[in-house]
Amino acid sequence: MVAQPREAPVSRALTASLEHAAPAWLRACDPRLRIVAAVLFAVVTVGLHQFTALLAAFGVALALALTAGPLPQLLRRAAPLEGFMLLLLLSLPFTVPGHTWFELGPLAASHEGLSLALSIVLKAGAVALMLFALLATLDMVVFGHALARLRVPERLVHLFLFTVRYLDLLQDEYRRLRLAMRARAFVPRSDRHTWRSFGWLIGMLLVRSLERSQRILAAMKCRGFDGRLYLLDRQRWRGSDSGWAAVMGLLLGGLLWLDRL
Amino acid sequence: MALRRLDYERIPQAALLAAAFFISSLVSVPVGPSSVHLLLNGFMGLVLGWVAVPAIFVALLLQSLFFGFGGLLVLGVNTLNMALPALVCAALFGGLLRARKPLRPFWIGAAAGATGVLLTGAMVAFALALSGQAFVPAAKVILVTYLPLSIAEAAVTGAAVAFALRVAPELLLVENPHA
């Protein structure tokens with residue numbers, strides 16, 4: 001939307017795309033291929049049973065992620081959100097019955113539990129790394145367009161594109177509000193005052209975004225919006241894409257074959 | 001599906017609210033010695049009604065892209081875990097809020113916030129427990145961690161609802177022709 005040109009995004013911390021970090025061959029790949037490949041890889045990986053196959057899948061994903069972008073940066077983003085996985089890992093060896101691996105007081109850890117936990121880590125890690133490599137390096141707008149070309153419902157794509165477009169603006173809005181709070185010496189604590197202030201903050205954010213959305217709709221109507229966003233990109237399937245699709249197919253086939261051994 | 005309830009007229013509105021909720025859920029709120037991130041699905045249900053479903057889906061998709069969190073495969077389960085409580089909140093508390101003279105909007109909001117979080121926690125734990133006996137203890141721990149979150153969520157959502165009702169009642173009142 002060009003409705004409010006003066007509100008060009010100031011900072012793009014959140015949606016800062018890593019696309020320029022990606023190697024040229026990855027950037028040249030058709031985005032549709034990347035999405036399909038990531039999804040297929042995830043499906044295949046989760047279905048694997050053998051450790052060798054899992055290790056291979058993890059290795060491939062890790063290698064690809066290493067070539068695709070600044071991995072430490074990605075990991076730092078992800079780290080705070082992995083408490084859930086950690087919890088699962090620590091509890092599993094103790095809860096799966098089987099041969100004893102070691103004992104910790106009254107608790108006995110089992111080999112079966114350990115291997116289950118390990119395989120979950122490998123699966124989750126492989127899928128996450130592949131996601132980083134193939135999709136996190138994709139520009140969000142391109143991603144939305146590719147979704148549309150993959151026949152994801154159009155309204156969902158529109159919603160996605162709009163949301164992406166306004167995330168940065170709202171984040172700026174949020175920063176401004178927080179700055180204003182800081183200027184009044186607000187320090188978040190665990191008390192009612194903090195919770196109420198945050199409630200008002202979120203309420204204010206919603207109210208402002210509602211007003212803004214009404215302005216946007218009005219501006220869109222002025223320009224003759226008829227319920228369709230035209231996707232102006234040209235995503236063409238090229239010969240090299242077929243090549244990469246074949247490579248991906250071979251890789252997935254190889255993983256499945258390893259699993260059957 | 002809920003997508004059909006999303007007319008083109010309302011896409012910008014839904015998208016901005018989805019973005020606002022996404023940003024809000026990045027706020028870390030201190031509870032006791034630690035801090036939590038809000039889910040806000042109860043509040044989303046109240047504000048967006050049915051549209052909360054695609055909005056939550058988009059937010060989770062973005063989250064998995066930005067943070068690699070959740071992953072692609074559990075996207076469906078996660079959306080269900082988040083969106084169903086949102087719809088329940090919309091059904092339970094939306095009417096109360098739209099009554100001619102809502103009683104204690106703070107408490108309605110607080111109830112919606114707590115319900116959203118607790119239901120989501122219960123569904124996550126249930127899904128885990130379903131996938132195997134071995135996951136039951138982890139599921140219990142998760143359920144316990146959702147308790148402090150529900151307190152913070154209730155307090156913040158309550159304040160936000162009371163605030164919105166005073167400042168921009170149209171946010172909550174005219175909002176859901178379909179709900």
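Protein chains get the first letters and strands the later ones, always in sequence-line order, with residue 1 at the start of each.
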Subject >> Residue pair B:Leu61 / A:Thr163, side-chain heavy-atom distance below 4.5 Å >> reply: no
**OP:** Apply ring pair (Phe, Tyr, Trp, His ring centres under 6.0 Å) to A:Phe160 and list each qualifying residue two or more places apart in sequence or on a separate chain.
**Re:** A:Phe143
**OP:** Kindly write out the residues that satisfy side chain to side chain contact (heavy atoms under 4.5 Å, CB included) with A:Arg176, not counting sequence neighbours, or none if the list is empty.
**Re:** A:Asp172, A:Glu173
**OP:** Applying side chain to side chain contact (heavy atoms under 4.5 Å, CB included) between B:Val58 and each of A:Leu156, A:Leu161, A:Val157, report the one that passes.
**Re:** A:Leu156
Subject >> For chain A, the option from B:Ala59, B:Ala19, B:Ala55 that forms the most heavy-atom pairs under 4.5 Å >> reply: B:Ala19
Subject >> Toward chain B, the part of A:Leu177 with a non-hydrogen atom under 4.5 Å >> reply: neither
